[in-house]
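Count residues from 1 along the sequence. Here the structure is a predicted model, which means the values were calculated and not measured.
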Amino acid sequence: MKTYRTGFLLAIVGNVVLAFVLAGLWFHYRGTKPAADLGLQSPASNAEASTITLPPTSVESPLVPVQISAQRLQSIGVKIGTVEQKQVEDEIRTTGNVAVDETRLAYVQVRYSGYIEKVFVDATYQFIRKGQPLFTIYSPDVVATEREYLVAKKNQQQVAQSTVPGVASSASSLLDAASERLRQWGVPQQEIARLESTGQVQQELQFDSPVSGYITERNALPSVAVQPDMRLFTVADLSSVWVQAQVFQNDLARIKIGDPATLIVSTFPGRTFRGRVDFIYPQLDTDTRTVKVRIVSSNSDQRLKPGMFVNVALKAPLGSQLVIPASGVLQSGSRQIAFVERSDGYLEPREVELGTRAGDDFIVTKGLKAGEQIVTSANFLIDSESQLQATLGSFVPPPPGADAASSAANASQANAELTSQPSPPNKGSNVFHIKLTDANGSAIAGAEVSVTFSMAAMPAMGMAAVRTPVALSDKGNGVYEGTGVLESGGTWQTTILAKKNGQAIVNKQLSVSATGGM
């Protein structure tokens, strides 16, 4: 009997376990059943499914016009500027190095073979003047040609009176040929004149400098054999120099040949040198993304030395443009904002489109017109005020035909007291009451009343800005009631707005603390 009972209990326990296993399998099957079996479509498997558009990850803060008293504008340092249409010059600042003007380089060479005897200029970077003696040279070819010249001259004199046809002309041709050979070799005319007057061959010829300048290279040494292709001296005229400036690729389109340039060298503080763009090189430096721009500058006083580092300011005329001071532009996220002073006393935030910067100004391509007044200092404070008022929903434009003073007067004719159930309010649903009375304490009925709860964004905590408007209905005896949901605990900036007959009679801001977590 005991064995039967034990078997019966084991059977019951086994059945219960089996039932739980079957139930688990059934729930698992229902939870993993394909969407198609339930009559739904899976977006991942349906080629014709609609694209799900996610909200943008960042939203620009709203801005509204603000009205600030003259005393407060003065206290926070607000200044006003004017949008102008004027002639504009763009300025591109860069650096460069002084270099020798290659068009003013001269090379001293001779056109015959020979040997240098004496050298009068024996150091590089020595300044020489045109016509100054450089060296003397002995050339067997020149000496032989001079002797031929003297022989031809003597023969010409002897046969000058000959009556034999062609003799006199042949002697004259020989003399002219010898003279022409000396000139082609670059023998100075005064040496040919000396040779003709004295009738004596001179073993050494003196060679004079053909230009004025500084010796930058010297290969003329005593007893050195000279060939026609040998460069004996290099002379640089530094009365004009080049400045090789480095200009970034994105600035290149604004520069053209002939544009003026200003050069500043730290060696001469307070002094500027003038130049002009002479050439734009066709090659881009792939490492620095710059292009060389050659500037020609006069250097009559020899102050600029090759190799000097200079600061360069290139002037690029842009014609007549609409401009505003650069300080009048506020970078607000991806927008560029200017605060325009309106005739009704409000400062209106206006999104603008800007061109290039020209000195202390920005070129305006869209959003403003000439003559408008804009804020040029402390505009970040105006921006903060505009964002705050937009968040609080406190901007109420004056009704048509009413000025700002009358709107302010209407808003001060009534009083509003806010209470809630529970008190203080908590995270979640709350009932809000407004007691609306006039200046004498009498209840005001028939008004449009709303309460707006706002909390600024907290990026560090991953929270976006929150704005919760609550509309209240008239319950009689000046009491208005409405239900609203606060999404979190904490301090809420609260705006009470009441209108009657289209006029704002209450526009009140206060802070309300709610219980509960974030």
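Between the side chains of Glu417 and Asn415, at least one donor N or O sits under 3.5 Å from an acceptor N or O. In summary, the side chains of Ser239 and Asp237 do present a donor paired with an acceptor at a separation below 3.5 Å, with no hydrogens or angles considered. Of the N and O atoms on the side chains of Gln373 and Thr82, at least one donor lies less than 3.5 Å from an acceptor on the other residue. For the residue pair Glu341/Tyr346, the side-chain donor-acceptor check at 3.5 Å is not satisfied. A donor and an acceptor atom, one from each side chain of Ser209 and Arg129, are nowhere located under 3.5 Å apart.
Residues forming a side chain to side chain contact (heavy atoms under 4.5 Å, CB included) with Asn97 (at least two apart in sequence, or on another chain): Phe309. Listed by chain and number, the residues in a ring pair (Phe, Tyr, Trp, His ring centres under 6.0 Å) with Phe127 are Tyr214 (sequence neighbours excluded).
For Lys130, the NZ atom is loosely surrounded, since the number of other residues' heavy atoms within 6.0 Å does not exceed 12. Annotation: Arg271, atom CZ; neighbour count of heavy atoms from other residues, nucleotides and ligands within 6.0 Å is above 12.
Between Asp285 and Lys292 there is no salt bridge, since no side-chain nitrogen of the basic residue lies less than 4.0 Å from a carboxylate oxygen of the acidic one. Under a 4.0 Å N-O distance rule, the pair Glu372/Arg350 qualifies as a salt bridge. Taking the charged nitrogens against the carboxylate oxygens, Asp259 and Lys315 have no contact shorter than 4.0 Å, which rules out a salt bridge. The pair Arg104-Glu102 does not count as a salt bridge, with every side-chain nitrogen at least 4.0 angstrom from each carboxylate oxygen. Classification of Glu217 and Arg231 as a salt-bridged pair holds, one side-chain N sitting under 4.0 Å from a carboxylate O.
Legend: ring pair (Phe, Tyr, Trp, His ring centres under 6.0 Å) pairs involving residues 420-450, not counting sequence neighbours, sorted by first then second residue: Phe432-Phe453.
Distance alone, capped at 3.5 Å, is enough to place a donor-acceptor pair between the Asp474 side chain and the Gly476 backbone. Looking at Arg335, its side chain never comes within 3.5 Å of a backbone N or O of Ile337 through a donor-acceptor pair.
Taking the centre and axis of the six-membered ring of Phe362, the NZ or CZ atom of Arg357 falls inside the cone set by 45° and 6.0 Å.
Of the residues Asn299, Val241, Leu263, the one that meets the side chain to side chain contact (heavy atoms under 4.5 Å, CB included) test with Val98 is Val241.
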